[in-house]
Amino acid sequence: MPRPLHPLPTRPPVPAWKVLLPVLLAGGVGWGAWHAASRPVNPPAQAGAQRISAAQDWEALMRFGPRQTGSEGLSRSLDWAQAQFEALGYRVTRQALPDRVPMPVQREAAVQVSGPGGPQTLNGEALLGVQTAEQTGTLVRLPPGVTDEQLDGLLGKLAVTTCPDGPWRDLTDRALNAGLLGLVIVNDCPRPPAYSPLGNVALPVLSVTPGVGRALLAQVGREVTFITTVRTQDTPAWNLIAARVDAAPEVLFGAHLDSVPGSPGANDNASGVLAVLNAARQAAGTPLAGRAWFVLFSAEEQGLLGSRAFVRAHAYPLRHTRAMLNFDMVGVNAAPLGIDAHPDLLTLARRVRPDLRAFRDAPTTSRETFGRSSSITGRSDYLPFKQVGVRTAFLYRGEDPHYHRPTDTTLNPALAVDAADLGAQLAQAALDAPWTPREPCGITGRNCQ
Ligand SMILES: [Zn+2]
């Protein structure tokens, strides 16, 4: 017999607000607490941090060695710079570049020749920018100062030359354009060649020592094989941004921290880093600190990759930027301190320092312009800012003989401080001068110029 059905006891339903209100209240209190706890704060300024000199900075920075992208030296330099800014009371963030930077980690090269006792291998080094490649052909020797007409007659040949008169890259471009299939440069140059990567060359171009060069020159007229074996590694890179919490980048002090491979990068660009750090030190505890950002860019030497990424990621705050001041090579007196600046900033700079040398930076050639010169000139980190309409000033003391060489080992800290002094005064003048925020323009910069 089935059990009789009894209706279940019922209670009047709880009104929704009785449930929702406590939940909302608890949520609100929790969110408030989380927000308060996670709100960025300025690190406490440390006593004595403002008294550290640029000379002491240089002593610390030089110990980390070359700072090419991906190196231990750069990573230690970043940590050191972060500690310096934090000691001054600035909050530091690191911006990871969206794309990893391909850096060569292996550049082996060889020439196979036939010797009396069978085939022989002579070793060398693939030039930067050369890909893995192999070519066999008849070896010719290029005369010093080889003309384009002479090169034109060498189509399909492999060539060897002793130290070229001009930049290695010039000769390489001319030789490959004339149809040579490979080139060996005997590095019997009086001083090391400047860093000057070739643009993705798919033919074997290499350098050898004078000893190997002598063995190779004995092979002229015979058949030889040039081989390059190159491996790159995709390397992460970071910009370092130091600013007081809630400060807008009304003025932005910038310099690149990376160096070219194998160079301690004293003038290029530890000097600029010293200048930016010194400007941050001067600003600490003053109203300028609340209106400035201090940025150390990465991967400048690979084509302004850090500053390009910075401009792309900070399009909105950059609307407030009255002046971007870029410091590159300001620690060696190749020429008096020079400025390439927006006309408004040039006028202000002249008021601050009437004898300041004005110059026009060379046009850039990069992957972005495909070898053509852009109508906007600039070869350092201020260029991406200029391209989106930010007023820029580039402070620079000219190219010294050690530029992009392993011998770029010394700088004068007083010269970096002098550039920082001008930068701080120019920043103040730009903040005092009337200014209307510019209209936002597309992050590609196309509608800005
Ligand atoms: Zn530089």
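The chain is numbered in sequence order, starting from 1. Computed from a prediction, not measured in an experiment: that's the story for all the values here. Every number for a ligand or one of its atoms is a count from 1 in the order of the listing.
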What class does the angle between the rings of F327 and F253 fall in, given that below 30° is parallel, 30 to 60° is tilted and above 60° is perpendicular? parallel
Any side-chain to backbone donor/acceptor pair from T321 onto P249? Under 3.5 Å, distance only. yes
Set of residues satisfying side-chain hydrogen bond (donor to acceptor under 3.5 Å, both in side chains) with respect to E399, sequence neighbours excluded: none
Cation-pi geometry met for R357 and F359 (6.0 Å, 45°): yes
For the Zn ion (ligand 1), protein N, O or S atoms at a distance below 2.8 Å amount to 4
Spell out, as yes or no, whether a donor-acceptor pair under 3.5 Å connects the side chain of T228 to the backbone of P204. no
Parallel, tilted or perpendicular for W293 and F310, by the 30°/60° rule? perpendicular
